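Below is one structure, written out as structure tokens; the observations come after it.
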Protein chains: 2
Amino acid sequence: MKVKQAASQLEALGKPTRLEIYRALIRAGENGLAVGALQESLNIAPSTLSHHLKTLIISGLISQERQATTLICRANYNSMQDLVNYLVSECCVDQSVGTTSMCKPTPICKDC
Amino acid sequence: MKVKQAASQLEALGKPTRLEIYRALIRAGENGLAVGALQESLNIAPSTLSHHLKTLIISGLISQERQATTLICRANYNSMQDLVNYLVSECCVDQSVGTTSMCKPTPICKDC
DNA sequence: ACAGTATTTCTAGAATTACCGAAATAGGTA
DNA sequence: TACCTATTTCGGTAATTCTAGAAATACTGT
């Protein structure tokens with residue numbers, strides 16, 4: 001993953017409104033949620049919700065599938081996985097030899 | 001973790017410049033990096049770097065320790081761990097029973 | 001105290017973003 | 001076709017943010 005794409009995804013999650021949207025989709029699992037259901041449960045203006053969904057879609061974090069007149073939104077779990085991996089993948093690689101790893105006792109990278 | 005704090009940390013990582021700063025510190029491990037070393041390797045104006053470091057510090061993602069005239073910056077690994085946990089912690093909890101979990105074959109939550 | 005290096009604060013302009021109401025579009029159905 | 005529901009696009013305002021040069025501050029060593 002390139003830094004620009006990772007930043008785009010992190011920025012997409014960096015506003016409370018969009019983070020709530022995303023977490024609702026994470027909670028929903030593979031069933032996803034309709035735009036209308038999101039709008040009702042989060043209580044934000046339809047145009048605002050649409051705007052935020054677009055941001056999340058462009059970043060690749062979520063996707064939509066049309067079912068008749070409703071649009072089902074789903075979190076893209078692979079994107080989240082890739083993003084987390086990107087954040088921790090180079091953990092400690094520049095660290096001098098012989099020092100204790102920062103990653104213990106709660107390692108964020110598999111090599112530490 | 002509250003949504004506002006998580007969003008603050010994600011937003012802090014959501015600009016390429018700050019993400020590069022953060023990743024440099026992740027790579028540096030527990031030794032950390034001086035502000036001046038960051039400035040030289042990333043080639044950004046000192047005032048801009050200072051501004052971004054402040055954002056990262058306020059969000060809790062990094063911290064600084066003074067060593068004589070230089071300030072050593074370090075990534076706060078626990079914060080990253082908490083943030084990742086927050087993102088995936090409620091994965092699939094609203095999902096209907098009987099459906100296959102989205103979390104396979106690359107689970108992002110330990111329960112799936 | 002003074003000089004020197006390291007870093008932050010101040011200031012300001014350009015650019016981006018959030019937000020929402022109103023109008024427009026997409027798809028389904030009678 | 002005409003209508004209905006679901007969702008997006010448009011238009012505009014207010015607020016935030018990025019960026020960096022110049023000045024100010026923090027700390028050390030002499």
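Reckoned from all heavy atoms, side chains included, excluding hydrogens, waters and symmetry mates. Letters go in sequence order (proteins before strands), and every chain restarts at 1. These numbers come from a predicted model, not from an experiment.
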Q) Of I21(A), L56(A), N76(A), which is the lone residue that meets side chain to side chain contact (heavy atoms under 4.5 Å, CB included) with L61(A)? A)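 Result: among I21(A), L56(A), N76(A), L56(A) is the only option passing the side chain to side chain contact (heavy atoms under 4.5 Å, CB included) with L61(A).
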Report the distance from atom [atom1] of [X] to atom [atom2] of [N], rounded to the nearest whole Å.
| X | N | atom1 | atom2 | answer |
| --- | --- | --- | --- | --- |
| R66(B) | dT5(C) | CZ | C1' | 11 Å |
| I21(A) | dC19(C) | CD1 | C1' | 12 Å |
| Q64(A) | dA6(D) | CD | P | 15 Å |
| L71(A) | dG28(C) | CG | P | 11 Å |

(Q) Between the opening five pairs and the closing five pairs of the helix from dA1(C)-dT30(D) to dA30(C)-dT1(D), how far apart are the helix axes, to 10°? (A)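 For the helix from dA1(C)-dT30(D) to dA30(C)-dT1(D), the axes at either end differ by 20°.
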(Q) Run I57(A) and S63(A) through side chain to side chain contact (heavy atoms under 4.5 Å, CB included) and show every step you take. (A) CA-CA 6 Å; I57(A) 289 167; S63(A) 51; over 6 Å; no
Has the side chain of [X] got a donor or acceptor atom that lies under 3.5 Å from a matching backbone atom of [Y]?
| X | Y | value |
| --- | --- | --- |
| R74(B) | E30(B) | yes |
| T55(B) | H51(B) | yes |
| R23(A) | V88(B) | no |
| S79(B) | G60(B) | yes |

Q) Can you list, by residue number, the residues of residues 39-57 of chain B that have a non-hydrogen atom closer than 4.0 angstrom to DNA chain C? A)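 Within residues 39-57 of chain B, the residues near DNA chain C are P46(B), S47(B), S50(B), K54(B).
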Q.
Using a strict heavy-atom distance below 4.0 Å, which residues from residues 6-20 of chain A are in contact with DNA chain C?
A.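 Contacting residues: K15(A), T17(A), R18(A).
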Show me the protein contacts with nucleotides 28-30 of chain D, counting only N or O atoms at under 3.5 Å.
none

Residue pair [X] / [Y]: nearest heavy atoms and the distance that separates them:
| X | Y | value |
| --- | --- | --- |
| Q39(A) | I44(A) | NE2-O, 3.0 Å |
| A24(B) | L33(B) | O-CD1, 4.0 Å |
| Y22(A) | A75(A) | CE1-CB, 4.1 Å |
| G32(B) | A28(B) | O-CB, 3.8 Å |

Show the atom names and distances, to 0.1 Å, of all donor-acceptor pairs under 3.5 Å that link a side chain in residues 1-10 of chain B to residues at least two apart or in another chain.
unit_1	atom_1	unit_2	atom_2	d
Q9(B)	NE2	S59(B)	O	2.9

Q: Kindly state each residue pair satisfying salt bridge (Lys or Arg N to Asp or Glu O under 4.0 Å) with at least one member in residues 9-20 of chain A, sequence neighbours excluded.
A: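 Counting only pairs at least two positions apart or across chains, the salt bridge (Lys or Arg N to Asp or Glu O under 4.0 Å) contacts touching residues 9-20 of chain A are E11(A)-K15(B), K15(A)-E11(B).
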(Q) Is there a path of hydrophobic side-chain contacts, each under 4.5 Å between heavy atoms, that joins I72(A) and V35(A)? (A)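 No, because I72(A) and V35(A) fall into different hydrophobic clusters, even though each may have its own neighbours under 4.5 Å.
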